[in-house]
Every structure is written in C-alpha cells, then in structure tokens.
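Hydrogens, waters and symmetry mates are skipped; everything else that's a heavy atom, side chains included, is used. Everything numeric in this text was worked out from a predicted model, so none of it was measured. All ligand and atom numbering here is 1-based and tracks the order in the structure.
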Amino acid sequence: MTNAYKNYIGGTWVTASDGATFPNHNPANDFVVGTFPKLTREDTQLAIRAAHDALPAWANTPPPARGAILDKASQIISSRVDEIATVLTREEGKTRAEARGEVMRARDILRYYSGEGWRGGGDVLPSNTTGELLYSKREPLGVVSIITPWNFPIAIPTWKIAPALAFGNTIIFKPASDAPQTGLMLVEALIDAGLPAGVLNFVTGSGGVVGDELASSVHVQGLSFTGSTAVGSGIYGQAIKNFTRVQLEMGGKNALVVLADADLDVAVSLTVAGGFGLTGQACTATSRVIAEQSIADEFVRRLADAARKLKVGDGLQDGIQMGPAVNRSQWETDLHYIEVGRSEEAQLVVGGSPLPGSGLFVQPTVFDHVEPQMTIAQEEIFGPVISVLRARDFDHALELANAVPYGLTAGVVTNDLHKAFAFANAIDAGVVKINEPTTGLALQAPFGGFKQSSANTFKEQGQAAVEFYTRTKTIYIGHG
Ligand code: NAP
C-alpha cells in the first residue's frame with residue numbers, strides 16, 4: 001500500500017481541502033514511493049495565516065531558546081542519518097553515499113545556526129548629542145516563504161529554514177514536488193525538537209499554484225527561492241509588487257579551466273567529481289571544461305576513460321557511483337541536449353545514450369571540440385553531460401569561461417599561483433575554486449551566484465544569512 005503523507009499547517013497534520021494528491025516516484029525504477037497533498041490556493045493561504053499568527057510569540061522567544069530547538073533537531077537528524085539518506089536516494093536518485101553526505105550537511109547547518117542564539121544583535125553607535133543613546137537592533141524579517149528544488153532536498157531547505165528560525169521568523173516551506181519526503185523528515189525533526197505550532201508550515205502541491213501563492217502574497221515579508229532561472233525570474237516580478245524581500249539562487253553553466261601546467265589526473269578527477277557526481281544535477285556542477293589546447297587531447301582521452309568506468313545504477317545498491325535523472329522530464333532534457341550537441345557537430349567522445357530498463361539512467365557523456373556559441377556550451381543541462389572547449393592560452397580560457405549568461409561557480413586547475421589569483425580576480429562567478437571541484441560548499445561561507453544565476457540581492461549560508469532574515473531598526477534615546 002502506498003504511503004499517503006500529509007502537510008503540516010498551524011500545528012496540525014492536514015490533507016488538501018479537496019483531497020487531491022500527487023505521487024512521488026523513485027527514478028531508479030519508477031515505483032511510487034508515496035503520495036502528497038496537492039494543496040489549493042486557499043489551503044496555502046491558511047498556511048500563510050498560521051505563520052502570521054505564530055510570529056509574535058516566536059519573534060519574542062529568547063534567541064537562545066530558539067537556538068536550543070535547532071540544536072535538538074540537529075541531534076535528531078544525527079540519529080536518523082541512514083534512514084533519511086535512504087528516503088532521499090529513493091525519491092531523488094543520488095547515491096546513498098551522496099545522500100548521507102547531504103543529510104550530515106543538514107545536521108551541521110542546524111548545529112551552526114543553533115549558536116546564533118548567542119550571537120549578533122546590533123550596534124551601539126557614536127551619538128551626535130550629549131547623553132543620547134543611539135543603537136541599532138536586528139529584528140526578524142517576519143513571515144517568510146521558502147521554495148526549494150529537488151536536487152538537494154534536505155540541505156537547501158535546511159540552509160534557509162535554520163537561519164530563518166534562529167532569527168525569529170515564521171515559515172511556509174514548499175519543497176519540490178519531485179522530492180518532498182526528505183523535506184518532510186526535516187520538518188518532523190524540528191517538530192520533535194519542540195518547535196511551537198504555526199512557526200514552520202509544510203505545504204506541498206504544484207509550483208504554479210502553491211508556489212505562486214507564496215510568491216505573490218501580500219502577507220509574506222520574505223521569499224527565499226532556489227530553482228531554475230526561468231521560474232525565478234517569473235516569481236521575482238510578483239514578489240516585488242508587494243515589496244517582499246527576495247532572495248533567488250538559480251541556474252549555472254559552470255566551467256572548470258584546465259591549464260597546460262595542470263596535473264591531468266587531478267584535473268580528470270575534479271571533472272568527474274564536479275560533472276558526474278550527483279548525476280550532474282547540481283547547480284554548481286561542472287558542465288563545461290575549458291582546456292588549454294596543448295594538453296586537451298590527452299586530458300579528453302583520460303576523462304573519457306574515467307567516464308567509461310563509472311558504475312551507473314540504482315543509488316541504493318552498493319558500488320554505484322552515479323544515479324538516475326530525477327524524473328522523466330529531466331531524463332528527456334538530458335537526451336535532448338545530447339542530440340543537440342550531435343546536430344551542432346560537437347564531437348561525442350563517450351556516452352550519449354540512455355541505459356536499458358525502466359530506470360531513468362543516462363550514460364556519463366563527454367563532448368569535445370565544443371564551440372562557445374553552441375547550445376550545449378551556453379544552456380544549463382542539469383545532467384551528466386560535459387562539454388570540452390579548447391582555449392589558445394590563459395586569457396582565452398578566461399574569456400570563454402565568462403562567455404555565458406550564468407555566473408555561479410568556476411574553477412581552475414593549475415600549479416601557477418599567479419594564474420590562480422588572476423583567475424580568481426577576473427572570473428565573473430560568485431564562488432571560485434582553485435584545484436577543487438566546482439561543486440561542494442562550506443556551510444559557514446557566503447554562497448550565491450552572479451549574473452543570471454542569482455537575483456544578486458542577498459547571499460545565503462554562514463553569517464550572510466543574517467542580512468536576509470532580519471531587518472534593522474535604529475533607535476535614538478534622548479533625555480527629552
Ligand atoms: P524549478 O522547476 O525552478 O522548481 C523550483 C521550485 O519552484 C519547486 O519547488 C517548484 O515546485 C517551484 N515552482 C515551480 N513553478 C513555480 C511558480 N510558478 N511559482 C512558484 N514556485 C514555482 O527548479 P528544479 O527543477 O526544482 O531545480 C533545478 C534548478 O534549480 C536548476 O536550474 C538548478 O541550477 C537550480 N538550483 C540552483 C541552486 C543554487 O543555489 N543556485 C541550487 C540548486 C538548484 P514544483 O516542484 O511543484 O514544480
């Protein structure tokens with residue numbers, strides 16, 4: 001029998017008012033792993049109302065007490081890592097090792113923000129008037145909508161929800177319809193840790209209905225969205241009509257530059273980790289490699305060997321190194337871009353086909369001799385497809401790396417310190433990696449893209465999150 005999961009609004013487990021549901025599939029075998037409520041617009045408004053009603057008490061809860069709940073939730077997640085990781089792999093597809101890493105990241109993020117209860121607050125400033133006390137204090141922003149994608153279904157919700165709660169906001173959280181169960185397990189951990197009713201509301205359903213209501217409601221003070229640039233740009237227009245504070249982190253077309261002096265085995269392992277890890281379904285994935293001409297043939301030969309050896313399959317099985325596409329639409333997108341690459345006459349070196357069977361698997365794929373104007377060099381694919389472009393020299397490599405509308409992450413492989421710094425200074429990307437994969441982030445460091453990868457408003461993670469989730473009030477106290 002299929003599990004029928006519920007939503008959590010105002011401290012009560014609920015279904016959609018009309019009883020509608022949608023199925024959640026395992027992409028490795030197409031089995032239904034559960035159903036979730038498909039909320040209506042009016043149901044979503046009830047969740048916003050619940051968050052609104054819970055705000056005064058939560059905002060006035062002493063920050064250390066809020067932090068203690070996050071700490072407890074971190075411990076609960078810690079005790080359930082394997083269970084949550086299995087659910088994550090089953091609904092999203094990444095390997096069990098990748099899923100465990102993500103769940104442990106969520107645990108650590110909660111632990112990090114639990115400490116915020118004892119930090120921050122504001123500044124006491126020099127006054128222009130004798131005897132006056134002039135200070136600023138940070139207050140919660142208010143009710144915040146959190147809309148997340150499927151590809152990191154616990155890490156991304158956690159890096160938004162944890163700071164939002166630590167700083168005293170109340171939340172309506174809508175996970176992606178392709179991976180809602182992992183997000184639900186995060187919500188359960190916070191409820192079990194003692195979060196009061198209404199502070200965190202969990203809603204599922206269509207992005208165009210539930211997400212749209214969360215983005216366009218006049219009763220929401222903040223909207224934090226991670227997802228595609230297409231959806232993000234649409235909801236930005238709605239949110240700013242109400243002067244809602246907006247944070248959008250979106251797509252990428254990330255390049256790893258391999259310079260002539262690079263250790264090619266290191267360059268290959270960084271490319272495989274960044275391009276095929278997580279099935280290429282990371283916003284920070286390496287989807288372009290820009291190799292200096294003199295080493296490009298040898299680099300591509302070694303990369304193709306490594307790609308051929310990767311074990312692709314159901315992420316719950318031992319030894320699997322790359323899982324399936326998350327859903328049929330993403331699988332078709334991957335295969336579509338492979339066809340486009342062929343038709344634009346890029347050279348297919350390895351992969352390029354689906355695997356037989358019912359799972360949504362695509363072979364790790366490498367195209368060589370990709371030209372910068374080609375579609376596969378410009379558009380986000382979000383699958384295990386790497387385009388290799390060739391550069392005449394360092395300056396040309398930098399020019400190619402910057403020649404896309406996105407600017408999320410970028411990397412360079414080199415032992416030349418001067419070129420490493422020159423790259424870090426000139427690249428138009430929010431995160432730069434030297435001799436590291438383009439994927440992978442430190443939870444204590446600011447994260448966010450440039451150009452069309454972001455709304456370029458507020459960074460996420462680390463101390464940067466305080467800016468988005470608080471508003472600053474300035475107070476002058478004179479003697480009258
Ligand atoms: P998506 O299709 O844009 O969906 C993201 C979220 O928005 C989902 O919860 C979705 O709900 C919801 N949504 C869809 N249409 C909406 C609408 N009209 N109004 C409000 N919400 C709406 O993205 P995705 O396919 O889940 O994720 C992949 C994308 O996320 C890639 O482009 C990737 O680069 C990006 N990403 C960026 C980062 C980053 O930090 N920069 C990190 C991870 C992923 P439904 O699921 O119900 O449609």
Worksheet entry | Qualifying ring pair (Phe, Tyr, Trp, His ring centres under 6.0 Å) pairs, either residue in residues 197-223, two or more places apart | Phe173-Phe202

Discussion item. Quick check on the 6.0 Å ring-centre criterion: do Phe167 and Tyr469 meet it?
Written reply: no

Worksheet item: Which protein residues have a heavy atom closer than 4.0 Å to any atom of ligand 1, listed by chain and number?
Response: Ile147, Thr148, Pro149, Trp150, Asn151, Ile156, Lys174, Pro175, Ala176, Ser177, Gly205, Ser206, Gly207, Gly208, Gly211, Asp212, Phe225, Thr226, Gly227, Ser228, Val231, Ile235, Glu249, Met250, Gly251, Cys283, Glu380, Phe382, Leu408, Phe447

Discussion item. Between the side chains of Lys160 and Glu460, is the shortest nitrogen-to-carboxylate-oxygen separation below 4.0 Å, so that they form an ion pair?
Written reply: yes

Fill in: Residue pair Gln463 / Glu116, side-chain donor-acceptor N/O under 3.5 Å
yes

Item to complete: Indicate whether any N or O donor in one side chain lies under 3.5 Å from an N or O acceptor in the other, for Glu380 and Tyr406.
Response: no

Discussion item. What I want to check is whether the side chains of Asp71 and Ser74 have a donor and an acceptor closer together than 3.5 Å.
Written reply: no

